[in-house]
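These notes are about the structure you will find just below.
Counting convention: from 1, in listed order, for ligands and their atoms alike. Quantities reported herein were computed from a predicted structural model and do not represent experimental measurements.
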Amino acid sequence: MKSDLQRYMDTIPAVADAARLKETFWLNSRQRVGGHKEIREVRPEQIQDASQRLLRFAPYLKAVFPELEKTGGIIESELRPIPAMQAWLDETYGSGIEGRLLLKMDSDLPVSGSVKARGGIYEVLKHAEDLALKAGMLKVSDDYSILAQPEFQAFFGRHTVQVGSTGNLGMSIGIMSAKLGFHVIVHMSADAKQWKKDLLRGRGVEVIEYADDYCAAVEQGRINSDADPMSYFVDDENSQALFLGYSVAGERLKAQLEEQEILVDEDHPLFLYIPCGIGGAPGGIAYGVKQVFGDHVHCFFTEPTHACCMLLGMATGLHDGVSVKDLGIDGRTDADGLAVGRPSAFVGRVVEPVLSGIATIQDEKLYDLMRGLLQEEDIFIEPSSCAAFAALIRPQDMKAYIDARGLSRKMGQATHIAWATGGSMVPEEMKKIYRETGL
Ligand SMILES: *Cc1c(COP(=O)(O)O)cnc(C)c1O
């Protein structure tokens with residue numbers, strides 16, 4: 001293994017940079033025109049199926065989460081222009097972003113305050129529906145608000161849901177499963193923040209803590225769950241349901257852009273920048289937007305230098321066959337939502353023909369960006385989320401990509417969306433610490 005990796009380091013500059021913990025920007029040479037039509041692992045109809053399922057659950061979600069009253073049970077976030085941040089990025093980093101910059105505020109998604117409120121909640125709902133349908137207690141034509149009734153609580157209470165998490169996935173799975181009545185166990189890695197564990201315990205979730213990293217927490221969760229026939233394991237390393245839950249973001253984003261009269265077409269390119277941990281969230285979102293906008297959207301993932309697992313997996317083509325530790329990288333980062341050492345077994349393969357590239361960023365910069373956004377736009381997002389700006393502050397690399405695709409003349413009409421993936425549930429005292437962290 002070691003000698004193989006040396007070969008990759010010798011031939012792929014981004015891998016060599018990554019091994020030295022240098023910030024880097026890998027451009028995907030396997031991206032192809034029309035690449036979204038080549039993806040076979042998942043099909044566009046499956047996005048529709050997920051979207052329909054979320055609509056069926058809307059009356060239930062509206063009934064049990066008062067914060068979803070105004071959207072009729074749809075969990076969605078605002079898409080907000082951030083012109084002051086755009087100017088600040090230019091002054092501070094010489095980003096020279098042409099076109100306009102918006103923030104997709106999944107940092108404020110209702111119910112669980114992170115991007116995981118898309119995939120995580122979706123997978124729990126799907127599992128609940130599968131169980132209730134199979135038991136003959138529910139029909140797809142029913143008004144799903146009946147799921148709030150005690151008989152369903154009692155039914156789900158005989159079942160367990162388990163998940164391994166660095167924090168935010170556990171929050172989504174934990175909050176949603178507990179609300180439905182499931183017994184839920186969240187296996188948390190050492191990176192998980194104390195306040196997330198406390199919050200979950202406060203909602204009746206069983207939290208098991210590990211001194212080890214994320215992969216170890218997942219492994220133990222899987223073993224526990226497999227030993228119990230009444231238990232269901234949310235498998236972040238392989239889950240298609242999670243991926244599909246995220247992918248519904250594509251059609252939702254399309255509607256929001258139309259509402260704001262923002263064009264996306266041949267002459268109006270769209271650029272997305274999404275923080276990446278194991279890959280499910282950014283992969284699902286990228287798959288969803290590619291089905292909607294095809295070659296007119298350019299998707300970039302962003303990772304911390306210390307947990308650049310997707311970059312390694314995709315640049316080497318080894319995917320889940322490589323871990324950051326194989327290159328001597330410790331996997332330790334303050335970006336807890338991204339603290340993953342080994343990428344998903346299937347996401348890298350799915351996005352291979354469509355992903356534009358991956359940029360990495362040092363932890364110190366995450367705090368600077370966090371304070372910049374707070375100061376300029378009065379928006380708080382957690383450090384992991386701030387990785388969304390990693391590619392935007394590398395103008396030379398972006399220019400190389402733009403020139404190579406003949407987009408330079410169109411950039412005045414371009415739209416850039418930094419995908420803020422978490423933040424609103426961070427307690428006040430933590431926000432204060434983050435603001436004052438001088439890393
Ligand atoms: C989980 C998470 C991500 C990335 O999602 P993955 O599916 O792990 O790639 C990004 N940002 C935050 C805040 C997260 O919690």
Filter the ligand 1-protein atom pairs down to N or O on both sides and distance under 3.5 Å, then list them.
unit_1, atom_1, unit_2, atom_2, d
ligand 1, 7 (O), G280, N, 3.2
ligand 1, 7 (O), A281, N, 2.8
ligand 1, 8 (O), I278, N, 3.0
ligand 1, 9 (O), G277, N, 2.8
ligand 1, 9 (O), I278, N, 3.2
ligand 1, 9 (O), G279, N, 2.7
ligand 1, 11 (N), T421, OG1, 2.7
ligand 1, 15 (O), K116, NZ, 2.7
ligand 1, 15 (O), N168, ND2, 2.7

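The salt bridge (Lys or Arg N to Asp or Glu O under 4.0 Å) check on R332 picks up nothing, with sequence neighbours excluded. With sequence neighbours excluded, the residues forming a side chain to side chain contact (heavy atoms under 4.5 Å, CB included) with E377 are I82, P83, A84, M85, L373, I379, listed by chain and number.
Residue pairs satisfying the ring pair (Phe, Tyr, Trp, His ring centres under 6.0 Å) criterion with at least one member in residues 188-228, sequence neighbours excluded, are listed as follows: H187-Y210.
Using a cut-off of 4.0 Å between Lys/Arg side-chain N and Asp/Glu carboxylate O, R118 and E76 are scored as salt-bridged. Using a cutoff of 4.0 Å between basic side-chain nitrogens and carboxylate oxygens, K193 and E429 are not scored as salt-bridged. Between E428 and K431 a salt bridge is recorded (basic side-chain N to carboxylate O distance below 4.0 Å).
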